[in-house]
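Because the structure is predicted, anything quoted here is derived from the model rather than measured. All chains are named by letter (A, B, ...) in the order of the sequence lines, taking the proteins before the strands, and each is independently numbered beginning at 1. When reading the values below, keep in mind they use all heavy atoms of this one structure, side chains included, and skip hydrogens, waters and symmetry mates.
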Amino acid sequence: MVQRYAPIARWNGSGDWFVSVPAWRLDKIIDRQRVEGVLSVITDELTAIIQTAIANACGAGEFALNLADLTIKLEKPANKQHGDFSSNIALTLKKLTGIADSREIAHTIVKFLPTNSTLLNRAEVAGPGFLNLYLNPDWLHNTLTTIQELKAGYGTSTGREGQNILVEFVSANPTGPISVVNGRAAALGDVLCNLFVSQGAKVGREFYINDALNSLQLEKFAFSVALRYLQELGHSVLVPVSGPDDNDVTEPGTGETSAEPTLEFPKDGYRGEYVRDIARDIVIEIGAKYAYPLALGAEGMAYFRAATLEKMVATQRRALEAFGIKFDTWFYESSLYESGAVDRAIRLLRERNMAYEKDGALWLRSSEFGDEKDRVLVRSNEKATYVAADAAYHDNKLTRGYNHLIDIWGADHHGYVARLKAGVAALGHDTSHLEIVLTQMVSLVRDGEAVIGGKRKGAVIELEQDLIDEVGRDAARFYFLLNSYETPATVDVELAKKQSMDNPVYYVQYAHARLCSIMQKVADELTVMSSEIDLSLLTHPAELDVMRKLADYPAEVTVAADLYAPHRLTRYAMEIAGILNVFYENCRVISGKDDLVSPELSRARLELVSSARIVIANLLGLLGVSAPQKM
RNA sequence: GCGUCUGUAGCUCAGUGGAUAGAGCAUCAGUCUUCGGAACUGAGGGCCGGGGGUUCGAAUCCCUCCAGGCGCACCA
């Protein structure tokens, strides 16, 4: 069985449920015509024109083929000298018609193309038999009219109406702050949600908090905080130091009293500076209420456990909000235990004969659902594993009315995909609407050296403090959205800070601000400008380039949503900004004292400026990046 | 070892089987400044990791090898 979690482009066509591309998404890919905006109308019409020409050629006896087999694909040539659109239809007809020379086929099709089309200006045969189609330029002018009509709606679609998607992302353990490493999934998840909404879907953003009582990590974390708390109260702490000699170091207490005895910090304790911050917070709140040894007793630990969790989650939430992300739900794993959902799921799995006892544990028959082997649901110490909790969790998601679930995980969780799906399937759910998106790893580098260790050793590079506070939200988001999530990334925060002014986000924002500036000037000053708009005056190559790019926008958004590829939008953003700068250099909008521009042309260009501004604003909106009027 | 992802310009990376493989940064050379110079123009730089195969056509699909990341628990 082939297991693939790669995106749509890699779909292998086998149709089994390990393929992470559900059927409805595939439909979207094939059915590009549903993209709203001018472009879809154009491609529909061009396709029809070619289809008719081929049908007529058949009627005239030129070709003998079954028209039902015909699929006409249009593409936008990379080189604009190859026309506004091109088709490879003649090349694909080689076999079907039995005609060896595809140029000959292409010429025949051209012969049967209508000569009276208001859309199609001319067609040429090029290369090995490409059909290059050149359109009358007014289709581009219609693009501006459409943008002015739709405004913020330009680039939206109804293609995903009826979909109710839950996207769970980041879900960092509550034992540390949101790290720069989480930034990629955070930006990806947030923008994907924006994209789905733009396509008509309903979307929920969810953060899952791993706070289960039977997990040891929270105990250790709370214990670490308790020790730091006692240190604040005056106790010395013996802290392990990883180094060549591996000696422990005694850190003196920081409080007024120098109390005994010296406390021992566990080797696998959490040593980050943020742990002290939490401890100091707690000292401020409760003072010495849990002085030694109360802090380490049952009641004290229960307090520290709850207080640390609350503070850590609040810190995470604040960091994500600083990044521009607001989650609809913060889902506590513990709630699944409290509500009995985990027990219920385990009982159900037993009843359905999806689980069996062995070696004192309860096992899930996950191998029957494509997993490599069976997995433990309930350990021999009677505690449930996360497999049980996750199955119950995803069952819960489905009961909340979502018809599509997306989990964004790091690639290091790759091995868990099969067992989660097995768990959900064993509960009787159709897993074709459960999709796991795996982002490739983000590794951290500081001044060229790899940062290793992570939370336990305290080497966390924080998303908020170390990146957002330094370079700003816009640059930070754009940075993470520049590349595909499938590419492993290296983040050097020091380098990112040094180069922050080179961030392409400023290039895009600058283009937007410039357009605003022109519009503002027109509004402020008495400029000579026609009241009538004649868009056909826009014929300069730079103007045509801008309009072509604007026409692409709705399809670009849909593709970005379908392929889960926000980086297409950042790339598009840089391209449109570049094209606009060329326009700006070459085409003066406001007529100056020298009368370089006629009032009519001036008015038409203003329409172009206004439309481009709308598209950039819509685009930056999807990316969660601000579109400033001034910089 | 098994699984999976990645390998494209000096660096970071785009590239939905199509035409001469692109962008940003960096480097070098220009523009000279009437609507915002955070700009524009140009140049250099590539056996698309190697080798087979499928196809009219392959960076893209298949096989294989090489290199790197990640995973392979009664941890989450």
[X] [atom1] to [N] [atom2], straight-line distance once rounded to whole Å:
X        : N     : atom1 : atom2 : value
A/Leu580 : B/C35 : CG    : C1'   : 14 Å
A/Asp371 : B/G3  : CG    : C1'   : 12 Å
A/Leu216 : B/A73 : CG    : C1'   : 14 Å
A/Arg514 : B/U33 : CZ    : C1'   : 11 Å
A/Met501 : B/A38 : CE    : P     : 9 Å
A/Asp412 : B/C70 : CG    : P     : 9 Å
A/Asn210 : B/C75 : CG    : C1'   : 11 Å
A/Tyr506 : B/A38 : OH    : C1'   : 10 Å

Query raised in the report: Hey, is A/His567 stacking on B/A14? Ring centres under 5.5 Å, planes under 30°.
Result: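 Taking the rule of under 5.5 Å and under 30°, the ring of A/His567 does not stack on B/A14.
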
Query raised in the report: Going by ring centres under 5.5 Å and near-parallel planes (under 30°), is A/Tyr584 stacked on B/A39?
Result: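 Ring-base stacking flag not set for A/Tyr584 and B/A39.
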
Could [X] and [Y] be called an ion pair, given the rule that one side-chain N must be under 4.0 Å from one carboxylate O?
X        : Y        : answer
A/Asp371 : A/Lys421 : no
A/Arg603 : A/Glu607 : yes
A/Asp390 : A/Arg419 : no
A/Glu357 : A/Arg350 : yes

Requested in this report: Give the ring-plane orientation class for A/Tyr572 versus A/Tyr553, where under 30° counts as parallel, over 60° as perpendicular and anything between as tilted.
Outcome: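 Rings of A/Tyr572 and A/Tyr553: tilted, as their planes differ by 30° to 60°.
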
Query raised in the report: In terms of the angle between their ring planes, are A/Trp330 and A/Phe207 parallel, tilted or perpendicular, with boundaries placed at 30° and 60°?
Result: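 Parallel: the ring planes of A/Trp330 and A/Phe207 meet at under 30°.
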
For [X], answer base if it contacts any base atom (sugar-phosphate contacts may also be present), sugar-phosphate if it contacts only those atoms, and nothing otherwise; contact means non-hydrogen atoms under 4.0 Å.
X        : answer
A/Met574 : nothing
A/Lys373 : sugar-phosphate
A/Ala78  : nothing
A/Tyr510 : base
A/Cys516 : nothing
A/Ala513 : base
A/Pro504 : nothing
A/Asp359 : base

Looking only at atom [atom1], what distance separates [N] and [M], rounded to whole Å?
N     : M     : atom1 : value
B/G46 : B/G22 : P     : 14 Å
B/G10 : B/G1  : P     : 32 Å
B/U64 : B/A23 : C1'   : 33 Å
B/U55 : B/U41 : C1'   : 41 Å
B/C66 : B/A29 : P     : 46 Å
B/A39 : B/C62 : C1'   : 48 Å
B/C47 : B/A9  : C1'   : 14 Å
B/C48 : B/G7  : P     : 14 Å

Considering only [options], which nucleotide approaches the side chain of [X] most closely?
X        : options             : result
A/Glu372 : B/C72, B/A39, B/A14 : B/C72
A/Gln440 : B/C35, B/C5, B/A14  : B/C5
A/Lys521 : B/C13, B/G18, B/C35 : B/C35
A/Arg568 : B/U16, B/C75, B/A19 : B/U16
A/Glu486 : B/U34, B/U6, B/C75  : B/U6
A/Met631 : B/A14, B/G3, B/G36  : B/G36
A/Ala361 : B/C74, B/A14, B/C70 : B/C74
A/Val589 : B/G36, B/A19, B/C35 : B/C35
A/Arg571 : B/C13, B/C35, B/G36 : B/C13
A/Val376 : B/C74, B/C13, B/C35 : B/C74

Query raised in the report: Counting N and O atoms only, with roles assigned by atom type, does the side chain of A/Gln316 sit under 3.5 Å from a partner on the main chain of A/Gly176, one being a donor and the other an acceptor?
Result: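 Yes; at least one donor-acceptor contact below 3.5 Å.
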
Report task. Take A/Gly360 and A/Val582, find for each the nucleotide of RNA chain B with the closest heavy atom, and name the residue whose nucleotide sits nearer the 5' end. Result ->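 Mapping each residue to its closest nucleotide by heavy atoms, the 5'-most match is A/Val582.
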
**Report entry** RNA chain B: 5'-proximal contact among A/Gln81 and A/Asn581 (nearest heavy atom)
**Finding:**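 Whichever sits nearer the 5' end wins; that is A/Gln81.
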
Determine whether any donor atom in the side chain of [X] lies under 3.5 Å from an acceptor atom in the base of [N], or the reverse, and answer yes or no.
X        : N     : result
A/Ser86  : B/A19 : yes
A/Asn88  : B/G18 : yes
A/Asn132 : B/A19 : yes

Which heavy atom in [X] sits nearest to a heavy atom in [Y], and how many Å separate them?
X        : Y        : answer
A/Ala391 : A/Leu420 : N-CD1, 4.4 Å
A/Met519 : A/Leu606 : CG-CD1, 4.2 Å
A/Asp211 : A/Leu218 : CA-CD1, 3.5 Å

Query raised in the report: Are A/Tyr564 and A/Tyr485 close enough that their ring centers fall under 6.0 Å?
Result: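 Distance test on ring centres: not under 6.0 Å, no.
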
Requested in this report: Starting at CG of A/Asp552, measure out to CD of A/Glu575 and round the result to the nearest 0.5 Å.
Outcome: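 The distance works out to 9.0 Å.
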
Query raised in the report: Considering only heavy atoms, which members of residues 92-108 of chain A lie under 4.0 Å from some atom of RNA chain B?
Result: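 Only A/Lys94, A/Lys95 qualify.
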
Query raised in the report: If pairs are Watson-Crick or G-U with both distances under 3.5 Å, what is the dot-bracket string of RNA chain B, marking crossing pairs with [ ] and pairs to another strand with |?
Result: (((((((..((((....[...)))).(((((.......))))).....(((((..]....))))))))))))....

Requested in this report: Classify the side-chain pair A/Tyr386/A/Asn210 by whether it contains a donor and acceptor separated by less than 3.5 Å.
Outcome: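 The answer is no; no qualifying pair exists.
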
Report task. Check whether the side chains of A/Asn581 and A/Arg514 place a donor and an acceptor atom closer than 3.5 Å, and report yes or no. Result ->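 A/Asn581 vs A/Arg514: donor-acceptor pair found between side chains.
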
Requested in this report: Return no unless some side-chain N or O of A/Arg419 is found under 4.0 Å from OP1 or OP2 of B/A73.
Outcome: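 No, because none of the side-chain N or O atoms of A/Arg419 sits under 4.0 Å from OP1 or OP2 of B/A73.
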
